[in-house]
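Scroll down for the structure; my scribbles are underneath it.
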There are 2 protein chains.
Amino acid sequence: MVPQKVFWGLLKFIYKTINSKENINTWIRDLNSDAKSAVSVDCVIFGYDEKELNVLSIDCNMPPHIGKKSLIGDLVKVHETLDQAGQRILKQRTGIEDLYMEQVSAFGNPNRHPLGRVISIAYYSLLRIRNYEIVDNEDKHLEWIPISKINTLAFDHNEILSVCLSRLRKRLKERPIGFSLLPKKFTLIQLQKLYEIILGFELDKRNFRRKLHSTELLIDLNEFQQDVSHRPAKLFSFDYEKYNAKKEKQTLKFDL
Amino acid sequence: MVPQKVFWGLLKFIYKTINSKENINTWIRDLNSDAKSAVSVDCVIFGYDEKELNVLSIDCNMPPHIGKKSLIGDLVKVHETLDQAGQRILKQRTGIEDLYMEQVSAFGNPNRHPLGRVISIAYYSLLRIRNYEIVDNEDKHLEWIPISKINTLAFDHNEILSVCLSRLRKRLKERPIGFSLLPKKFTLIQLQKLYEIILGFELDKRNFRRKLHSTELLIDLNEFQQDVSHRPAKLFSFDYEKYNAKKEKQTLKFDL
DNA sequence: TCAAAAGTGTTTGAAATACACCCATGT
DNA sequence: ACATGGGTGTATTTCAAACACTTTTGA
């Protein structure tokens, strides 16, 4: 005789094995069938040109969005990380390599893409337009559009842009991502204008300078602008070494 | 005679249409083939029990992680949003319905899952353990584990947990998510203890109270604890209506 | 000498922090 | 009366915000 306890235990085990959602065969089947989704990465590349903030866009040639602009994006390959996908897409579509991008959010509305289920992971990055030559490899009117002139984009790209813009503005205040948008030697006026353009509102000159100096991360070069028809401004550079050292030692205070 | 310009324009158009990465047929083919990934949602459900902060976990029965604990998660269905997937998974695995969850991040390392490419979107939520009866539908040792006792989890779930915990702590300071973890009528001491347990450090009693009162969102019930063997504490409740009204009017100040 | 942009300090109010003693109740 | 945990206020410092005039240069 088999003890009841053993019998029921065995029965339960068999039941579990057959029915478990986590049964490996179920997983393997799901993984290879209709449970799969297409996953894309969309890159919101912000470009600064000393006048305004722009976004990199291309023509969308997919019905029903033909004629609209869209962000640059593509499906994620099976072998690559999401970060790598972002890098690849950027390089493929623009020729730009090795640009730091930050993941922002996943967008998964099942109706967001006309051809079926495409879940998109959004990334943003920020660069100085004149430091990069963008190459329209795919001849899709790759172009910078001022964010003030953005109209209806394809898919849910307006929403993605909006979320990424919020993230950019938040980061600008808490990390030194603005300094790569200026020449190595810059004036405080240039820096302030940059902050104002990206944030979208004006700042107080004296308070801005006080905050910047209080970080102790600006190097006073004791050099001055040349060939300007007014009082030449002092040149500064940003001390990335000191910044990293402070971050290591957790004595960093950078909050504008 | 066709003008050269028209001829080359046409040729270019044809070339583009055939070769474009965005060619619709290419997309459709990609969407239905190996470019697809499995996408899962993993839910980090934090549970508060007046003593410590816990995470909901189940046994992982997938090699090579058998014996480890894992977060609750499942593949996303084709027809559902990511948010809906989170809700479904939670209900399926625990019986809990309608719990607000916030998306935190996507994890896409191609080696993170032993059975192949599975991109995971992480969500977190927070609840009061004694308000919910969790039902282990799938008999997988569904249980609350104190975060102080978490060891190696399956997959990359330690990383996911860590990112979600940071997010939870950030949110606790800027949104009133803590009040749902207490009885409707609570004492300030209970509230402070809750903040200390979740944040992981102690707070100053007087400063904490001052901050709370300055939000003007606590309702002084003029009632007191009963049956305690010491001075009974005053009871308060949180004014959700006023909170929502202030949020609408953008006059909200809630920053602890 | 004028136009154009650069540079510079102080005051005020709000918020963060640190800190120690008395109070009300049940036993 | 005592043990237990509840409750309260002030002084100090730090940070944010508002604000106007002088300086330097080239034309």
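Chain naming here is simple, since letters A, B, ... match the order of the sequence lines and numbering starts at 1 in each. Keep in mind it's a predicted model, so treat the numbers as computed, not measured. Quick note: numbers below take in every heavy atom, side chains included, and nothing from hydrogens, waters or symmetry partners.
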Legend entry - Lys/Arg-Asp/Glu bridge criterion (N-O < 4.0 Å) met for B:K193, B:E50: no
Inset, instruction - With the side chain of B:N207 defined as its heavy atoms from C-beta on, choose the nearest nucleotide among D:dG9, D:dA18, D:dT25. - result: D:dG9
Legend entry - A:T81 and B:N109 side chains, donor-acceptor separation under 3.5 Å: no
Legend entry - Distance, rounded to the nearest Å, where B:L203 contributes CG and D:dG6 contributes C1': 17 Å
Inset, instruction - Return the value, rounded to whole Å, for the distance between atom CG of B:D204 and atom P of D:dG9. - result: 15 Å
Inset, instruction - By nearest nucleotide on DNA chain C, pick out whichever of A:R210 and A:F236 is the more 5' one. - result: A:F236
Inset, instruction - Determine whether the side chains of A:E143 and A:S57 contain a donor N or O and an acceptor N or O closer than 3.5 Å. - result: no
Legend entry - Distance in angstrom units between B:R206 CZ and C:dA15 P, rounded: 20 Å
Inset, instruction - Could you check how far CD of B:Q190 sits from P of D:dG7, rounded to whole Å? - result: 10 Å
Inset, instruction - Using the six-membered ring wherever Trp is involved, compare the ring planes of A:F254 and A:F238 and label them parallel, tilted or perpendicular (cut-offs 30° and 60°). - result: perpendicular
Legend entry - Whole-Å gap separating P (D:dT23) and CG (A:L188): 20 Å
Inset, instruction - Spell out yes or no: do the side chain of A:K234 and the base of C:dG7 have one donor N/O and one acceptor N/O closer than 3.5 Å? - result: no
Legend entry - d(CZ, A:R231; P, D:dC21) in whole Å: 17 Å
Inset, instruction - Send over the distance from A:K211 NZ to D:dA17 P, rounded to a whole Å. - result: 6 Å
Inset, instruction - Please tell me which of A:D255 and B:Q225 maps to the more 5' nucleotide of DNA chain D, matching each residue to the nucleotide holding its nearest heavy atom. - result: B:Q225
Legend entry - Shortest side-chain distance from B:S229, nucleotide among C:dG26, C:dA24, C:dG7: C:dG26
Legend entry - Minimum-distance nucleotide to B:K205 side chain [options: C:dA6, D:dT8, C:dT25]: D:dT8
Legend entry - B:P232 side-chain proximity, nearest of C:dG7, C:dA5, C:dA24: C:dA24
Legend entry - Nucleotide D:dT4, atom C1' - distance to CD1 of B:I189 in whole Å: 12 Å
Inset, instruction - Would you mind checking if A:D220 and A:K234 are paired as a salt bridge, meaning a charged N to carboxylate O distance below 4.0 Å? - result: yes
